[in-house]
Number of protein chains: 2
Amino acid sequence: MAEDPPRRQPTLDEVAEHAGVSRSVASRALNNAPHVSRAKREAVQRAVRQLGYVPNPTARALATRQTGAAALVVSGEDPSIFADPFFAQVIVGATAALEDADLHLMLCLAASDRGRKRVAELLRSRGADGVMLMALREDDPLLPLAEETRMPVVFGGRPVGATPRWYVDVDNVGGAREATEHLVARGRTRVAALCGRLDTEAGRARYRGYRDALLAAGLDPFPPQEGDFTEPSGAAAMAALLANHPDVDGVFAANDNMAAGALRTLRKAGRLVPDDVAVVGFDDLAVAQIADPPLTTVHQPIQALGREMARMLVSLVNGQEPTPLILPTHLVVRSSA
Amino acid sequence: MAEDPPRRQPTLDEVAEHAGVSRSVASRALNNAPHVSRAKREAVQRAVRQLGYVPNPTARALATRQTGAAALVVSGEDPSIFADPFFAQVIVGATAALEDADLHLMLCLAASDRGRKRVAELLRSRGADGVMLMALREDDPLLPLAEETRMPVVFGGRPVGATPRWYVDVDNVGGAREATEHLVARGRTRVAALCGRLDTEAGRARYRGYRDALLAAGLDPFPPQEGDFTEPSGAAAMAALLANHPDVDGVFAANDNMAAGALRTLRKAGRLVPDDVAVVGFDDLAVAQIADPPLTTVHQPIQALGREMARMLVSLVNGQEPTPLILPTHLVVRSSA
DNA sequence: GCTTCCAGTGGGAGCGCTCCCAACCTCCGA
DNA sequence: TCGGAGGTTGGGAGCGCTCCCACTGGAAGC
């Protein structure tokens with residue numbers, strides 16, 4: 001099996017020649033388009049096999065003006081935001097849907113200036129067929145770029161203060177309301193909220209849902225005790241809360257991380273969960289099950305979020321006009337409330 | 001600002017014409033290559049600005065035979081493996097290094113047959129400039145594909161039973177040894193190992209390190225109590241261990257997830273950590289700090305792993321001959337041991 | 001004065017594919 | 001018998017860029 005000539009990949013022309021047909025016919029056979037006789041089609045297939053031909057995606061991209069890739073852009077001021085297992089779930093969902101459309105996933109972390117610059121260039125150069133954007137801060141520098149670009153952009157979650165043309169979101173308000181109602185139904189009357197970043201729509205919406213539920217129950221909402229969706233911020237917020245309102249008996253945390261932090265603080269303070277203080281989280285990530293006690297939490301379908309974003313993008317790329325989507329959430333009752 | 005003509009992106013030819021130079025000069029100016037007079041260089045830059053020109057990456061890729069992308073392939077029999085925060089860290093590190101080389105990251109989850117097929121095609125079609133492969137199971141179907149491909153492949157971790165030409169790994173044996181030595185130094189004499197999958201090199205190497213340390217200390221290693229790197233498997237392994245060896249006083253877990261599971265089982269069994277049983281984990285992920293008590297664990301530089309993989313790939317793409325890398329690990333002492 | 005050299009320049013041939021279109025062939029109804 | 005209709009076929013023109021190369025003219029060297 002000598003391979004002396006450092007032979008390149010065979011090209012379509014070579015396949016055509018080898019099969020005794022023209023390049024056009026070979027191309028059609030390859031993309032199983034019509035207007036190819038059975039005999040030639042098979043001849044091409046044989047040649048492809050014999051030569052080990054694989055189409056060159058770049059050349060195809062240039063000719064079709066389609067890159068065959070979709071970008072997932074995750075924005076945030078530092079890369080650690082991406083460590084949130086949330087994104088891994090989104091990626092798993094998106095990948096599944098992208099696979100169906102035979103698109104590749106380009107992952108862009110726009111966490112540094114350099115990263116943002118590259119995203120900007122991607123957007124301007126049409127380096128992908130479309131973009132899934134997770135940029136939820138109010139002042140995110142990518143938002144204006146997303147407006148300008150001429151490629152389809154699907155948002156994951158809605159940014160504060162703007163409703164994009166295409167987005168997939170989860171029902172944050174409804175989930176938070178259900179969580180809070182659950183606490184109230186368990187007889188809690190002094191229910192506080194450990195908020196996530198209030199410059200994100202998710203953070204605000206969850207507080208809104210909490211507030212709605214308490215008002216509807218004739219109880220007084222607490223002012224937002226703000227954190228940043230991390231475990232330490234949850235622990236800190238809980239500590240502050242205990243200091244100001246030692247009689248709190250229910251806590252709605254903006255996500256599981258913060259709920260886990262709250263649990264830690266409560267344990268340290270000698271408060272029993274759920275007996276003294278009931279805690280509800282949001283997300284239903286792995287941490288919710290591992291927590292001690294296991295967290296009652298609002299399940300949000302994160303993989304579905306990714307999947308639907310990708311599907312929406314695919315349909316946009318195919319020239320359709322999808323409508324925004326809000327995915328349902330539901331409460332998962334465990335032991336913490 | 002009428003934009004009636006649905007004008008395409010301007011091309012390099014248009015820039016050249018607008019600047020009153022030839023395409024060649026424009027190209028050279030753009031890539032700031034030599035052999036362009038100052039005046040024309042500036043004229044081109046002006047034209048670029050006025051026309052809002054952005055080079056078409058696909059055309060460039062076709063001409064240069066470089067895609068401008070590196071693929072990160074994560075293999076596993078089901079997508080949930082990717083939920084491990086480990087990968088997020090790898091991605092963060094890889095992204096940083098790739099940014100420096102101005103390469104994009106293509107993320108491929110080879111968890112379904114479909115996914116593996118697409119990876120195979122990517123490998124054969126040179127759809128990227130290189131591949132970072134995380135496929136560590138002994139019988140991983142991607143391993144033979146990686147052998148065949150004509151594009152550079154850097155492994156993250158070593159697969160069982162084979163030493164790839166290029167890889168970055170962490171010092172699993174050394175870390176496990178240090179962790180076990182720590183337990184011994186604390187006076188533990190009945191130290192068991194909660195292993196990860198023994199069909200991965202990491203799982204084996206960590207057990208080997210544990211074994212070495214105990215033998216060196218003149219103690220008897222326990223037979224491997226196998227899990228699969230997940231929290232529940234750690235809990236189960238710990239339960240089995242307690243049943244067979246109620247007198248165990250030290251546990252080395254193959255990773256933090258399993259250690260967290262062990263903690264849960266021990267708490268349920270009424271064993272105090274670290275008083276009755278000391279526990280050491282491996283990874284030093286977020287869960288280690290959140291665990292109760294916080295885990296003493298072996299820190300492995302996961303972002304660095306990703307970064308070095310990307311760097312190695314970049315140097316391969318640039319025609320250099322990097323050497324494999326093994327990154328150091330070190331023990332982080334917290335309360336669990 | 002004459003070569004020699006080289007920065008600067010633009011023409012043109014690709015890179016490997018898709019797709020339009022004209023040419024062709026066969027078969028059928030009128 | 002003849003004129004389509006409709007399925008096949010291959011030529012050729014791109015897609016937008018890079019890069020080789022031949023050519024120019026002025027500066028440097030002798």
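The structure displayed is predicted, hence computed values, not measured ones.
- Between B/His35 atom NE2 and D/dC23 atom C1' there is a gap of 14 Å when expressed in whole angstrom units.
- In terms of position along DNA chain C, the nucleotide closest to B/Pro34 lies nearer the 5' end than the nucleotide closest to the other residue of the pair B/Pro34 and A/Pro10.
- Contact between the side-chain N/O atoms of B/Arg38 and the OP1/OP2 oxygens of C/dA7 is not found at any separation under 4.0 Å.
- Rounding to whole angstrom units, CG of residue B/Asp13 and P of C/dG12 are separated by 13 Å.
- Side-chain nitrogen and oxygen atoms of A/Ser27 include at least one within less than 4.0 Å of the OP1 or OP2 phosphate oxygen of C/dT18.
- For A/Glu14, the CD atom counts as densely surrounded, since its 6.0 Å shell holds more than 12 non-hydrogen atoms of other residues, nucleotides or ligands.
- With hydrogens and angles ignored, the 3.5 Å screen pairs no side-chain donor or acceptor of A/Ser315 with any backbone N or O of A/Gln320.
- Rounded to whole angstrom, the span from the CD atom of A/Glu42 across to the P atom of D/dT8 amounts to 13 Å.
- Atom pair A/Arg126:CZ and D/dC15:P shows a separation of 16 Å (rounding to whole Å applied).
- The two residues A/Arg118 and B/Leu103 come nearest to each other via the heavy atoms NH2-O, 2.6 Å.
- A donor-acceptor pair under 3.5 Å is formed between the side chain of A/Asp129 and the backbone N or O of A/Gly68.
- Nucleic acid contact class of B/Ser24 (heavy atoms, under 4.0 Å, all strands): base.
- The interatomic distance linking A/Leu30 (CG) with C/dC19 (P) rounds to 12 Å, in whole Å.
- Looking only at distances, no side-chain donor or acceptor of A/Thr58 sits under 3.5 Å from a matching main-chain atom of B/Thr58.
- The pair A/Glu121-A/Arg124 does not meet the salt-bridge criterion, since no charged nitrogen lies less than 4.0 angstrom from a carboxylate oxygen.
- Residues from residues 46-60 of chain A with heavy atoms under 4.0 angstrom of DNA chain D: there are none.
- Each of B/Val21 and B/Thr64 was assigned the nucleotide of DNA chain C with the nearest heavy atom; the assignment lying further toward the 5' end belongs to B/Val21.
- Salt bridge annotation for A/Lys117-B/Asp102: absent, with no cationic side-chain nitrogen under 4.0 angstrom from a carboxylate oxygen.
- Among the protein residues, A/Thr11 comes within range of the sugar-phosphate backbone only, with heavy atoms under 4.0 Å from sugar or phosphate atoms but none that close to a base.
- The pair B/Arg116-B/Glu77 does not count as a salt bridge, with every side-chain nitrogen at least 4.0 angstrom from each carboxylate oxygen.
- Atom-to-atom, CZ of B/Arg41 to P of C/dG10 comes out at 14 Å; the value is rounded to the nearest Å.
- You won't find any donor-acceptor pair under 3.5 Å spanning the side chain of A/Arg65 and the base of D/dG16, going by distance alone.
- Within 6.0 Å of atom CD in A/Glu138, more than 12 heavy atoms from other residues, nucleotides or ligands are found, so the atom counts as buried in its surroundings.
- Along DNA chain D, the nucleotide nearest to B/Leu62 and the one nearest to B/Arg28 differ in position, and the one closer to the 5' end is contacted by B/Leu62.
- Taking atom CZ of B/Arg23 as the reference point, atom P of C/dA13 lies 11 Å away to the nearest angstrom.
- Summary for the helix from C/dG1-D/dC30 to C/dA30-D/dT1: the axes at its two ends, each from 5 pairs, differ by 50° when rounded to the nearest 10 degrees.
- Distances from the side chain of B/Lys40 to the nucleotides C/dG10, C/dT18, D/dG10 place C/dG10 closest.
- Looking only at distances, no side-chain donor or acceptor of A/Ser125 sits under 3.5 Å from a matching main-chain atom of B/Pro57.
- The side chain of A/Ser37 contributes an N or O atom lying less than 4.0 Å from OP1 or OP2 of D/dT9.
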